[in-house]
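Reminder, nothing fancy here: chain letters follow the sequence lines and each chain counts from 1. Computation of the quantities below employed the complete heavy-atom set of this structure, encompassing side-chain atoms and omitting hydrogens, waters and symmetry-equivalent molecules.
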Amino acid sequence: MNTDCLTIKNQDMKNQYKALKYRSLVLLAAFFLIASVIAVIALCVGASSISVTDSILALIEDNGMARSIVWNLRLPRVIMALLIGIGLGTSGAVFQAVLRNPLASPFTLGIGSSAGFGAVIAIVFFNGLVNEYAVVIWAFIFTLLSSFLILGVSRYKGATAETMILTGIALMFLFSSLSSFLQYLGTKEEVHGIVFWFFGSLSKAGYREIVMSGIMILAPMPFVFRFAFDFNLMTAGDESAGALGVNVSGVRMLSIALASLMTSGAICFTGVIGFIGLVAPHIARMIFGSDNLFLIPASALIGGVLVLSADTLGRTVWLPHVIPIGIVTSFIGVPFFLYLLIKKTKEYW
Amino acid sequence: MLQVGNLSFNYGKTCVLKDINLNVKKGEIISVLGPNGVGKTTLLKCLLGMIKPCSGFIEMDEMDILKMSSTHRARLIGYVPQAFPSKFPMTVFDAVLMGRKPYVRFVPSENDLEVVSQVLMSMNLNHLGLKDFDRISGGQKQKVLIARAIAQEPNYLVLDEPSSNLDVRHQLEVMDMLRKLAQKENIGIIMAMHSLNLASRFSDRIAMLKSGCMVCNGTPLEVMTPKIIETVYKIEANIHRINGYPYTIPLNPMPENRTNKELLN
């Protein structure tokens with residue numbers, strides 16, 4: 001009798017836990033749906049006045065002008081926005097987990113400012129204002145350089161969260177001041193180009209860029225997800241994770257490398273779109289809790305939703321002007337984030 | 001049996017552990033005592049394979065732990081840390097589920113969830129299951145960390161000062177829980193301790209360390225003598241026997257200038 005009672009209670013606990021995870025799964029599906037709906041809306045709105053029905057029709061049949069605008073201008077932009085959001089959201093979640101720090105993001109590790117410095121070099125020395133691929137290549141080289149520096153110092157000093165964060169912050173200051181120095185030397189046009197790059201813009205997104213940044217952002221995804229359970233253990237301390245069989249420094253170095261690659265895939269083609277990498281994982285954590293098995297896909301989806309909505313608003317609210325996406329994400333993201341931070345009083349965060 | 005033979009460990013040129021010999025049988029609780037900085041934690045880290053000893057061997061059930069994969073080792077020996085430094089909220093169930101890591105390939109299976117809920121149940125923690133780990137009391141946290149180690153289904157358990165942050169009632173509860181676990185699950189427990197009286201009351205054997213060397217290793221009644229306490233802790237103490245357990249009452253610190261030789265003679 002007594003054991004029967006125990007078994008029932010036991011089942012109950014497990015089922016409650018499973019119900020919690022099932023709820024997370026449903027919410028993930030909901031966010032996927034939201035992302036899809038916003039994507040469709042984004043395809044239908046814009047500077048040229050094509051009706052919503054024409055825009056949707058353009059996706060499936062040839063209706064002239066509308067088809068060209070939707071397929072060549074809006075669709076690549078929508079895909080790129082989603083990709084960038086996915087890349088920044090996922091890499092932010094990974095950085096926060098493996099560095100065990102809620103302030104970590106691609107930018108606290110200096111990856112943003114090193115990419116910026118690469119872009120500045122390209123603009124000032126390699127005619128980057130005309131040749132946009134120079135900007136992409138140099139930005140990419142410098143994101144790799146900064147992550148190699150962080151990994152190198154970690155190999156030498158031990159791959160602790162503190163070593164990595166301090167190295168990253170030091171690099172951030174180094175690259176920012178180098179950028180400022182080159183801007184000081186640059187011409188008026190060059191400085192203008194640099195400022196524009198730092199705002200971030202999706203206007204140059206084409207299918208070739210989508211393929212390249214898509215590979216950099218999506219290819220590391222399965223590997224990152226493979227480590228999700230290890231990330232859970234690492235947030236509870238290196239020693240106990242190690243005692244449970246996690247190769248802590250190995251997982252940390254590899255994850256930082258993968259997340260850096262995702263970040264550079266997201267920012268090299270479009271400029272520094274700040275904030276999403278920090279805020280998407282936090283919003284995800286408020287809704288889904290800290291279990292990385294859900295937190296990582298949720299951060300990706302929320303990142304995608306945020307970037308896409310910000311870009312869509314940026315190119316529609318102040319016609320015929322386009323507000324740079326980096327500015328819109330901060331304008332909308334910061335108050336929204338503060339609101340959530342204040343309002344949330346429940347269990348998680 | 002967990003066997004430690006002639007174990008030595010140096011940090012750089014400083015000798016931290018010297019010629020340690022220790023056996024832990026399954027079902028037995030062994031406390032490692034000694035003042036701060038004496039090498040207790042280093043010894044535990046060696047047992048867990050976190051650091052490699054300079055010489056000597058550690059065998060678990062006749063297998064060299066240094067030659068095991070970390071996953072294999074994690075299935076044999078569980079670790080209960082003093083603290084859980086998470087900055088992110090996490091449910092108690094998720095915290096205990098971490099203990100299944102040595103058995104999880106990619107994501108936890110149905111069986112892993114079953115084991116976790118059984119462990120929570122058997123330790124009377126199931127009412128906490130979905131609570132945030134950060135919002136439960138210190139005593140409950142310690143129990144959850146023990147539950148996590150039990151979810152590893154280990155043969156041995158290593159604890160780093162399990163009673164240090166707890167009030168008196170929780171100290172007794174946690175120790176009692178460990179005692180029962182050792183017997184019921186036939187787990188060999190080795191723990192670093194600060195409290196002499198809790199160690200005497202709940203351990204089968206006590207090992208005393210002093211500057212990296214084992215001073216003595218025996219039952220609480222054998223080890224807890226004014227002379228040994230004086231040698232190891234440099235204090236004057238009375239020992240009283242209550243219900244068959246030796247209880248230490250510390251009286252005064254000894255003057256620093258007496259040498260060890262004088263004390264031992």
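The most heavy-atom pairs under 4.5 Å with chain B, out of A/D230, A/L233, A/N101, A/N232, come from A/L233. Between chain B and the residues A/A97, A/A236, A/G242, the most heavy-atom pairs under 4.5 angstrom are made by A/A236. Listed options B/L113, B/L145, B/D134, B/L48 were ranked by heavy-atom pairs under 4.5 angstrom with chain A; first place goes to B/L113.
For B/S70 against A/G245, the heavy-atom pair with the smallest separation is OG-O, 3.4 Å. Here the closest non-hydrogen pair linking B/P89 and A/S290 is O-OG, 2.5 Å.
Of the atoms belonging to B/L97, heavy atoms from both backbone and side chain fall under 4.5 Å from chain A. Within the 4.5 angstrom heavy-atom criterion, atoms from both the backbone and the side chain of B/M98 approach chain A. When heavy atoms are compared at a cutoff of 4.5 Å, B/P81 approaches chain A solely by way of its side chain, counted from C-beta outward. With a 4.5 angstrom heavy-atom cutoff, B/F106 touches chain A via backbone and side-chain atoms both. If you measure heavy-atom distances from B/R75 to chain A, you find no contacts under 4.5 Å at all.
In this structure, the side chains of B/P108 and A/L293 come closer than 4.5 Å at one or more pairs of heavy atoms.
We find the CG-OG1 distance between A/D291 and B/T91 to be 8.0 Å, quoted to the nearest 0.5 Å. For the atom pair B/F88 CZ and A/Q96 CD, the distance stands at 5.0 Å (nearest 0.5 Å). From A/L244, atom CG reaches atom CD of B/Q152 across 4.5 Å, with rounding to the nearest 0.5 Å. One finds the CE atom of A/M13 at 10.5 Å from the CE atom of B/M121 (value rounded to the nearest 0.5 Å). Once rounded to the nearest 0.5 Å, the distance linking CZ of B/R105 with CZ of A/F229 reads 14.0 Å. Note: A/S240 OG to B/D160 CG = 11.5 Å, rounded to the nearest 0.5 Å.
Heavy-atom contacts from other residues, nucleotides or ligands closer than 6.0 Å to CZ of A/F223 number 12 or fewer. Applying the 6.0 Å contact sphere to NZ of B/K18 captures no more than 12 heavy atoms from other residues, nucleotides or ligands.
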Dump the intermediate steps for side-chain contact (heavy atoms from CB on, under 4.5 Å) on A/Q16 and B/L130, then the final yes or no. CA-CA 8 Å; A/Q16 275 181 37; B/L130 300 182; 3.5 Å; yes
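Ion pairing between A/K14 and B/D112 fails under the 4.0 Å rule for side-chain N and carboxylate O.
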